Amino acid sequence: MTVSASISPDSVPPILLENVGKSFRQGFWMRSSEVVKRVSLKVSAGSLFGYLGHNGAGKTTTIKMLLGLIEPSHGKVSVWGGNPASVGVRRRVGYLPEQPYFYDYLTAREFLAFHAELAGVPHGEQAGRIAELFDWVGLEGVGNVTLSRFSKGMQQRIGLAQALVGDPDLVILDEPMSGLDPVGRKQVRDIMLELKRRGKTVFFSTHILADAEAVCDQVAILVKGEIRCTGRLADLLAPKITEVEVVALGLPDGFAVEGVLLSRRDDGQHMRVSDASIGALLQKVLAAGGRVVSVTPHRETLEELFLNELNAVERAG
Amino acid sequence: MKRIVAIAQVTWREAVRNRILYSLLFFVVLMVVIAAVLDQMTMGQNGRVVADIGLLLIHVFGALITIFLGVAVISREIARKTLYVVLAKPVGRLEFLAGKLLGLTATLAVLMLVMGACLFAVASLFAVPPPLQFAWSLFLTWVELSLLCAVALLFSVSTGPFLSGMFTLGVLVIGHLTPGLREMGVRSGDALVRGVTSALYYLLPNLELFNRKQEVTYRLPVDWGHTGFALLYALAYGAMLFAAAGIIFSRRDFR
């Protein structure tokens, strides 16, 4: 199934991909392998866009095309209406790579000052901007520590700081939650939401769907180099109730209902049924002397949508 | 220009924070002291051995440092993916290369000054070398090493660190042999040998142009005409190497 949802048009979208593909020559015989296939995508200004896909789906290759690090084999890549290979376009873009590697002989302050200089931040504003960023990403007090002594989580945070140092209008983050503990992941999510509140466009890739569902207002699902669906989460996820979960106590040991999956846990007997069968199930529970503790309706999750798309591709291929 | 200077500064910081560099520098100073001892053991040389061997050592170790730093400067950035965040900033790829080259040549200039000052001080204990010839010989060695940096840059945008190092070392060795090879080809009388040696002479840099150690050793006057030609040659050859490196680097995909 390919789902398509409308995205409101902007005069100059921050990201516009038109039928973009990329092939690499690999292996001893230099066989061509198509990593990204006919990707078309439009990201609205001011949105928080999740680019979702499994490992090896082509997310990082797409992002590198958005930054001019990789030339597309075919199709057109536009960032703020221009070619990302041009220096002028990249003035408005901040980027955090997946598994960031930095000049580890520099101190954190030297590193950010270097990137501030590259991003064209005026000298008079650099110190203030750097102090603000240290505070924002939670790296206060480590300005004079060399990056070689940073943990993976700290590397991710300093990477985020360098992406934001030029106050870019478009922030591209490749797996920004990778390697972070739950507190760090929440901080990154909060930073992304704050960027959106400030009117910035955030485009981030992830294979952790819970992260995307928590913050995104638009997503695209990439499976084996192809976009399977794109649009607003509210449009993509079915609004109807797919399942209802019932938790009951006091049911006899042999209690069973045809077509209902049961699992006994410490807090009671858990049962999942379709929305249409909930009335009949509740009657049987009460008739068997059980006490209903909770009835929770479930709607389609991003994970279910993603897995459906992945399964569809695997069945077809 | 600000971005080029910022990249050059980071390149300089990387070099001066590299412990291997200090090991090499220490070794050069040690060798100069040994040269001084040798001078004492040589009859009637009056400090010539110190200056002669010292300048040779500066040249050899300077070349090793150049290959070590020059080869790593791009290929390590590619291997470690540190250049991704730099090239994602509003930085042109030619600016990146120019910054790297500027940082390396500035580092080499400081190294030449430090090593040269050490040598001059030690040599002066025996006989003060002619200052003008000494400074000019060091300057031309620096020009040669800067040209070698451009060679290393070209190789390192095209291939990995090991091959880049081998190729650059090869150019250094052959670059000092090409005038002799050409002469050998002419004397051989064989058209094929003459053709090959002449092609090598014109294709590879003639690094012997920058060797003016004899002017220090024998206290000869500086040949300004030759020096001017050597400088123009280095500029033209270096510009060609930089342009070739720039074309390759600009077209490269960073996967």
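The shown structure was predicted, so the numbers you read here are calculated from the model rather than taken from an experiment. These values consider heavy atoms only, across backbone and side chains, with no hydrogens, waters or symmetry-generated copies. Quick note on labels: first sequence line is chain A, next is B, and so on, each numbered from 1.
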Legend entry - Top contributor to chain B interface from A:L67, A:V93, A:L69 [non-hydrogen pairs under 4.5 Å]: A:L69
Legend entry - A:E71 atom CD, over 12 foreign heavy atoms within 6.0 Å: no
Legend entry - Under 4.5 Å from any heavy atom of chain B - which part of A:V165: side chain
Inset, instruction - Output the option from A:F102, A:F24, A:Y95 having the highest count of non-hydrogen pairs under 4.5 Å with chain B. - result: A:F24
Inset, instruction - For each of B:G92, B:S250, B:A6, tally heavy-atom pairs with chain A at distances under 4.5 Å, and name the one with the top tally. - result: B:A6
Inset, instruction - Taking B:R3 for its side chain and A:L118 for its backbone only, find out whether a donor-acceptor pair lies under 3.5 Å. - result: no
Inset, instruction - Would you indicate whether A:R31, at its atom CZ, is surrounded by more than 12 heavy atoms from other residues, nucleotides or ligands within a distance under 6.0 Å? - result: no
Inset, instruction - Just give me the residue among A:A119, A:P97, A:G68 that pairs up with chain B most often, heavy atom to heavy atom, under 4.5 Å. - result: A:A119
Legend entry - Verdict with reasoning, B:E95 to A:R90, per salt bridge (charged side-chain N to carboxylate O under 4.0 Å, His left out): CA-CA 14 Å; B:E95 285 179 317; A:R90 292 202 303 275; over 6 Å; no
Legend entry - A:Y105 vs B:V10 side-chain heavy atoms within contact, under 4.5 Å: yes
Inset, instruction - Considering only heavy atoms and a distance below 4.5 Å, find which of A:T60, A:I172, A:D104, A:L96 pairs most often with chain B. - result: A:D104
Inset, instruction - Examine distances only and state if a side-chain atom of A:K64 and a backbone atom of B:R255 form a donor-acceptor pair shorter than 3.5 Å. - result: yes
Inset, instruction - Enter the distance from A:I63:CD1 to B:Y84:OH here, rounded to the nearest 0.5 Å. - result: 13.0 Å
Legend entry - Separation between CG of A:L147 and OG1 of B:T82, rounded to the nearest 0.5 Å: 11.5 Å
Legend entry - Closest heavy-atom pair and its distance - A:T107, B:R17: N-NH1, 4.4 Å
Legend entry - Closest-packed option against chain A by number of heavy-atom pairs under 4.5 Å, given B:R13, B:E14, B:Q9: B:E14
Inset, instruction - Evaluate whether atom NZ of A:K152 has more than 12 neighbouring non-hydrogen atoms of other residues, nucleotides or ligands under 6.0 angstrom away. - result: yes
